[in-house]
Amino acid sequence: MIKRSLISEIKQTAKEFKIVCVTGPRQSGKTTICKQVFKDKPYVSMEDPDIAAIAQSDGRAFLKKFTKGAVIDEVQKVPELFNYLQGIVDSKNTNNQFVLTGSNNFLMQDNISQTLAGRVGYIELLPLSIKELFLNKKTIKNVDHYLLDGLYPAIVSEKSSSKRWIPNYIKTYIERDVRMIRNVGNIILFNKFLKLCAGRAAQLLNVNNLAVEVGVDNKTIQSWLGVLESSYIIYLLKPYHQNFNKRVIKSPKIYFYDTGLLSNLLGINSINGLKRSNYYGALFENFIMTE
C-alpha cells in the first residue's frame with residue numbers, strides 16, 4: 001500500500017463539509033483511499049448493476065438506508081441520486097455524512113454543482129507523484145521510465161505491465177466513459193482526435209487547426225475537449241499575462257495527466273524509442289508540469 005499525500009486533506013475536508021467528493025481518473029486509487037480513510041462507513045458501488053437499479057428506482061429511500069452516511073463509488077452512473085442528496089444531508093446538522101467518488105468530473109455539470117453548492121468539499125486524486133514514491137521510500141527510477149510508463153498505481157506497484165495495461169485502459173475509456181459522458185457518434189474520429197491531441201501535448205491549443213485535421217467543426221472539437229477534461233485525460237493550462245483579459249482570451253496549452261498514456265498514444269513503446277522520439281521534449285515538459 002502506497003500512502004497517498006491527500007489522506008490528511010481528505011480527513012480535514014470531511015470535518016468541514018457534509019459531503020466529500022473524491023474525483024479523478026479511473027484507476028487512480030479513489031476507492032482504495034476512501035475505504036482506508038472512511039473505514040466506519042458502508043461502501044456501495046454504482047458499478048454493480050443491481051445496486052444501481054435500486055438507487056435509480058427510488059433514490060430517496062436508497063440514501064435514507066444509510067443513517068450514518070456511506071461511501072458511494074462511481075456515483076456519476078446514477079445522477080438521480082444528486083436530486084435527493086441535498087435534502088437528506090440538510091436534515092442533519094453534521095458534517096462528514098456522505099463520500100462520493102467518480103471517474104469523471106461530475107461537478108463540472110451545472111445542475112449538480114448548484115444542487116451541492118456549499119455542502120461539498122472537493123478532492124482530486126490523480127496518479128502517483130514522484131514525491132509520494134519518495135515519501136513511501138520507493139526506489140526512484142530514471143525519469144525516462146516515468147515518461148514511458150507513467151505513474152498509475154497498478155503500474156508503479158508492478159501488478160500490471162504498462163505495455164498491456166495502458167492500451168486496455170485507453171480502449172476501455174473510449175468504449176465506456178466517452179459514450180457515458182457524451183454520446184459521441186463516430187468513435188473512430190474521436191480516437192483520431194485523441195491521438196492528434198497527444199501530438200500537440202505541451203503546445204498551444206489551436207481549435208481551428210484540430211477541427212480541420214479531424215474533419216469536424218469547431219463546436220465538436222470544443223465538446224470533445226470537454227469530454228477529455230471531465231474524464232481526467234487532459235487539462236488546459238491558461239496563459240499568464242498581467243492583463244487579466246488576455247489570460248482569458250489567449251490560447252491555453254494542452255497537457256496530459258499521465259505521461260504513460262501520452263507515450264502510448266504517440267506510439268512510443270520502449271526507452272530507446274523514447275530517446276529517439278521528436279516528442280521527448282514535450283513528454284518531459286508534460287511530466288514536469290503534471291508533477
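Atom set for the values below is all heavy atoms of this structure, side chains included, hydrogens, waters and symmetry mates excluded. Values in this document were obtained by computation on a predicted structure and should not be read as measured data.
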Test of understanding: clusters of I, L, V, M, F, W, Y form through side-chain heavy atoms closer than 4.5 Å, transitively. Do [X] and [Y] belong to the same one?
X	Y	result
Leu194	Val212	no
Phe17	Val22	no
Val207	Leu204	no

Given 3.5 Å as the limit, does a donor-acceptor pair link the side chain of [X] with the main chain of [Y], or not?
X	Y	result
Ser28	Leu125	yes
Thr13	Glu9	yes
Lys30	Glu74	no
Ser57	Ile54	yes
Lys250	Lys238	no
Ser223	Lys219	no
Asp73	Thr101	no
Tyr146	Lys141	yes
Asn142	His145	no
Ser45	Glu47	yes

First locate atom [atom1] of [X], then atom [atom2] of [Y], and finally report the distance between them rounded to the nearest 0.5 Å.
X	Y	atom1	atom2	result
Ile233	Ile170	CD1	CD1	7.5 Å
Asn96	Ile19	CG	CD1	11.0 Å
Lys195	Leu266	NZ	CG	10.0 Å
Arg4	Leu126	CZ	CG	8.0 Å
Ser103	Tyr173	OG	OH	10.5 Å
Ile33	Ile10	CD1	CD1	3.5 Å

How about [X]: does its [atom1] atom have over 12 heavy atoms from other parts shown lying under 6.0 Å from it?
X	atom1	result
Asn278	CG	no
Tyr43	OH	yes
Phe244	CZ	no
Lys253	NZ	yes
Asn168	CG	yes
Tyr279	OH	no
Glu158	CD	no
Lys92	NZ	yes

Does any part of the side chain of [Y], heavy atoms only, come nearer than 4.5 Å to the side chain of [X], both counted from C-beta?
X	Y	value
Ile254	Cys197	yes
Leu133	Leu151	yes
Ser5	Leu135	yes
Lys35	Val71	no
Trp224	Leu210	no
Asp258	Tyr232	no
Leu63	Ile72	yes
Leu237	Met289	yes

* Between Tyr280 and Asp144, does a side-chain hydrogen bond (donor to acceptor under 3.5 Å, both in side chains) hold up when you go through it step by step? -> CA-CA 9 Å; Tyr280 187 94; Asp144 290 347; 2.5 Å; yes
Which atom of [X] lies closest to which atom of [Y], heavy atoms considered:
X	Y	value
Ile51	Met46	CG2-CE, 3.4 Å
Ala282	Ala201	CB-O, 3.6 Å
Trp165	Ala154	NE1-CB, 3.6 Å
Ala52	Val78	CB-CG2, 3.9 Å
Phe62	Leu81	CD2-CD2, 3.9 Å
Phe38	Ala14	CE2-CB, 3.8 Å

* Would you check, one step at a time, whether the test side chain to side chain contact (heavy atoms under 4.5 Å, CB included) holds for Val75 with Phe98? => CA-CA 11 Å; Val75 68; Phe98 284 91; over 6 Å; no
* **Criterion side chain to side chain contact (heavy atoms under 4.5 Å, CB included) on Phe256 and Leu265, from CA distance to verdict** => CA-CA 11 Å; Phe256 279 67; Leu265 289 166; 3.6 Å; yes
* Asked: Passes side-chain hydrogen bond (donor to acceptor under 3.5 Å, both in side chains), Thr290 versus Asn286? Steps please.
  -> CA-CA 6 Å; Thr290 305; Asn286 197 120; 3.2 Å; yes
* **Evaluation steps, side chain to side chain contact (heavy atoms under 4.5 Å, CB included), between Gln36 and Ile7** => CA-CA 9 Å; Gln36 185 180 357; Ile7 286 178; 3.8 Å; yes
* Quick one: which of Leu128, Asp149, Asn136 gives a side chain to side chain contact (heavy atoms under 4.5 Å, CB included) with Val156? ->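 With Val156 as partner, Leu128, Asp149, Asn136 yield a single side chain to side chain contact (heavy atoms under 4.5 Å, CB included), made by Leu128.
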* **salt_bridge(Asp90, Lys18) N-O dist < 4.0 Å** =>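 Answer for the salt bridge query: yes.
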* Tell me whether the centres of the aromatic rings in Tyr169 and Tyr152 are closer together than 6.0 Å. => yes
* For Ile155 and Ile166, what are the C-alpha separation, side-chain angles and deciding distance, and is it a side chain to side chain contact (heavy atoms under 4.5 Å, CB included)? -> CA-CA 9 Å; Ile155 294 170; Ile166 293 176; 3.8 Å; yes
